[in-house]
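These notes concern the structure reproduced below.
Naming: A, B, ... by sequence-line order, numbering from 1 per chain. Model, not experiment: these values are computed from the prediction. The basis for the numbers below is simple: all heavy atoms, side chains too, and nothing from hydrogens, waters or symmetry mates.
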Number of protein chains: 2
Amino acid sequence: MTTARPDGGVKSVQLAFDVLEAVAAAPGEVGVSELAALLGTTKGTVFRHLQTLVERGYVEQNTVSTRYKLGTRSYLIGQVAAGRIELLTASSDAIASLRDEIGETVVVSALRNRTLIVLRTVFGKSNLEIGVRQGSELVLHGTAQGKVALAFSNRSLLQHVLRQGLTRLTDHTIVEPARLEAELEQARAQGFITAANEETFGINAVAAPIFDRSGDVAGTVAIVGSVQNIRPDPVPAQIEALLKASLRISWNLGYDRGAVDARRRLDSAAS
Amino acid sequence: MTTARPDGGVKSVQLAFDVLEAVAAAPGEVGVSELAALLGTTKGTVFRHLQTLVERGYVEQNTVSTRYKLGTRSYLIGQVAAGRIELLTASSDAIASLRDEIGETVVVSALRNRTLIVLRTVFGKSNLEIGVRQGSELVLHGTAQGKVALAFSNRSLLQHVLRQGLTRLTDHTIVEPARLEAELEQARAQGFITAANEETFGINAVAAPIFDRSGDVAGTVAIVGSVQNIRPDPVPAQIEALLKASLRISWNLGYDRGAVDARRRLDSAAS
DNA sequence: AAAAGTGTCTTGTAATACGAAACATCATTT
DNA sequence: AAATGATGTTTCGTATTACAAGACACTTTT
């Protein structure tokens, strides 16, 4: 599914992570044969990799079923990572208040490598849980988060998206480049954008950008819910709370509008 | 520090995880040279491994400082693992109530591979935070958690510990095998055990075992605090709440005392 | 009783991960 | 301003080693 990887580093390590991620993607426990088929390799190879992963504790083997699942080391490294990822530590308080104030699901995503990845979702107060799975990738032209990221990033990201083509997800998905451009302009003007029914029918989201200390887009915050609770024109309280949260997070990341603008002027003067 | 690994699986993958874990262990960002020195290998090799890790998103490179830190994928795989590790899902509610009821720090550890690893610690209500770092290893003969795990596990685990030798950590550490045996007997009789000043002076803990569906020790729950708040003879409320939590977690793991005993009788009759 | 699964183990070979050393950028020092 | 000593990055030949194929032991299904 992923674009053919142009031979990155250490081949056997790539396979090891393929195995690890396949184990992670499996709903329950997985067997060696199943993994081998999934990854298009032999049982022996998968087995050997599982051995290392088990020895390291990233994967565990159920001694009775002899099948495999994620191990404690995987969890623990994630715990360490949670404390090291600025976007997470910077956003935790702000998204908790945002959720409590508005009651809708709050989603934080990170822009990494031309993709928006969902880092954290905190479900709203409603009994019906609407959210986006952590780790999943947000379509840049088809979600509020994606559009707001595009609006405030380098034009090169937009060009990249246009080159890939604007695939239709629902009949409200933006597929005309001109309309997308107009939306991005609107996002820049307002500081936020919505995306009712564009990715999934019946669902809407309002997203705002998060900036890092150098003024680049680090990610997005968004509130997500049914079109009933988040209208195409969201109520002012929702917008205000969202913008407040996004500013607070950016601030925690060291973003300072004035300082960034000044630095930009210097840089362009130098070149 | 760890016992010389007897050549487990794929060598280059071992190195890759060495690199990953070294990045995780570093307080902030790390450089290639630093890592190479730390791992006793060359810069080139470390660099190549970092490339794969970065490509996969487990590690990220700060483009301005060119140094490395843990990446979002590490966090995300941990999130998935958190949902797959039975001991975590089974204990989350119980430890939250336990902490709220008693107010002291609660620590859950898992028995994996003859070692007790701290999975989760929830700090108590006091302003002074006393806890055990997640991912750290608990000394089996020198902590309440370790002793309770020894008490309810196979004798082979105890033999393993005795073979290693009972290293002294404080002047209250149990270093005589006979005294350890006596403590284990007490733990079995009471269903819990304390360990005042045995690992760190001034600190005490009360621990109880967690059993899985086959009746084996899966881990421990413990409350940890200063000797002032957790006395060598803990107050009944603390003991009762701890035992209630441990039973609740074991139950969530599928432990059923009657069923396990019956199964044991059948097994021994068959042999 | 046979057949089709499973996970595990062995072996020869071709691929590849490694180490050493060179290279390109920086800061700092001289 | 030149020189030094860091850093991260790249190249290259070789010895290592990870791989595929197939055998094996075992359980479950037919």
- Within a strict 4.5 Å, meaning less than it, do heavy atoms of the His49(A) and Val46(A) side chains meet?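 With C-beta onward as the side chain, the pair stays apart.
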
- Message: Within the structure provided, determine whether Arg133(A) and Val118(A) are in side-chain contact (heavy-atom separation under 4.5 Å).
- Response: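 Of all side-chain heavy-atom pairs linking Val118(A) with Arg133(A), none is under 4.5 Å.
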
- Query: Nucleotide by nucleotide, 5' to 3', does protein get under 4.0 Å of the base (B), only the sugar-phosphate (S), or neither (-) in nucleotides 5-16 of chain C, counting heavy atoms?
  - Reply: -SBSB------S

- Message: Does atom CG (Asn113(A)) have a neighbourhood of more than 12 heavy atoms from anything else shown, all under 6.0 Å?
- Response: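 Count not over threshold, so no.
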
- Message: Would you say that more than 12 heavy atoms from the other residues, nucleotides or ligands in this model lie under 6.0 Å from the CZ of Arg257(A), or not?
- Response: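 No, the 6.0 Å shell around CZ holds no more than 12 heavy atoms from other groups.
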
Write down the distance between [atom1] ([X]) and [atom2] ([N]), rounded to a whole number of angstrom.
X	N	atom1	atom2	answer
Leu15(A)	dC19(D)	CG	C1'	9 Å
Gln14(B)	dA17(C)	CD	C1'	15 Å
Leu39(B)	dC18(C)	CG	C1'	14 Å
Leu50(B)	dT10(D)	CG	P	13 Å
Leu53(A)	dA18(D)	CG	P	13 Å

- Message: How bent is the helix from dA1(C)-dT30(D) to dT30(C)-dA1(D), measuring the angle between the end axes built from five pairs each, rounded to 10°?
- Response: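 The end-segment axes of the helix from dA1(C)-dT30(D) to dT30(C)-dA1(D) are tilted 30° relative to each other.
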
Side-chain donor-acceptor distances from residues 143-151 of chain A under 3.5 Å, at least two apart:
from      : atom 1 : to        : atom 2 : distance (Å)
Thr143(A) : OG1    : Val139(A) : O      : 2.8
Thr143(A) : OG1    : Gly146(A) : N      : 2.9
Lys147(A) : NZ     : Glu183(A) : OE1    : 2.7
Lys147(A) : NZ     : Thr194(A) : O      : 2.9
Lys147(A) : NZ     : Glu198(A) : OE1    : 3.1
Lys147(A) : NZ     : Glu198(A) : OE2    : 3.1

- Item | Residue pairs passing the side-chain hydrogen bond (donor to acceptor under 3.5 Å, both in side chains) test where at least one lies in residues 70-79 of chain B, sequence neighbours excluded |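 Every pair satisfying side-chain hydrogen bond (donor to acceptor under 3.5 Å, both in side chains) with a residue in residues 70-79 of chain B: Gln134(A)-Gln79(B).
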
Pairs under 3.5 angstrom only: tabulate donor-acceptor contacts from the side chains of residues 21-40 of chain A to other protein residues two or more places apart or in another chain.
from     : atom 1 : to       : atom 2 : distance (Å)
Glu21(A) : OE1    : Arg56(B) : NH1    : 3.1
Glu21(A) : OE2    : Arg56(B) : NH1    : 3.4
Glu21(A) : OE2    : Tyr58(B) : OH     : 2.6
Glu29(A) : OE1    : Ser65(A) : OG     : 2.9
Glu29(A) : OE2    : Asn62(A) : ND2    : 3.0
Glu34(A) : OE1    : Arg67(A) : NH2    : 3.1

- Task: Apply side-chain contact (heavy atoms from CB on, under 4.5 Å) to Thr115(B) and list each qualifying residue two or more places apart in sequence or on a separate chain.
- Result: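 Result, side-chain contact (heavy atoms from CB on, under 4.5 Å) vs Thr115(B): Ile117(B), Glu137(B).
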
- Message: Please confirm whether the shortest side-chain N or O distance from His49(B) to OP1 or OP2 of dC18(C) is below 4.0 Å.
- Response: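 True: His49(B) side-chain N/O within range (under 4.0 Å) of dC18(C) OP1/OP2.
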
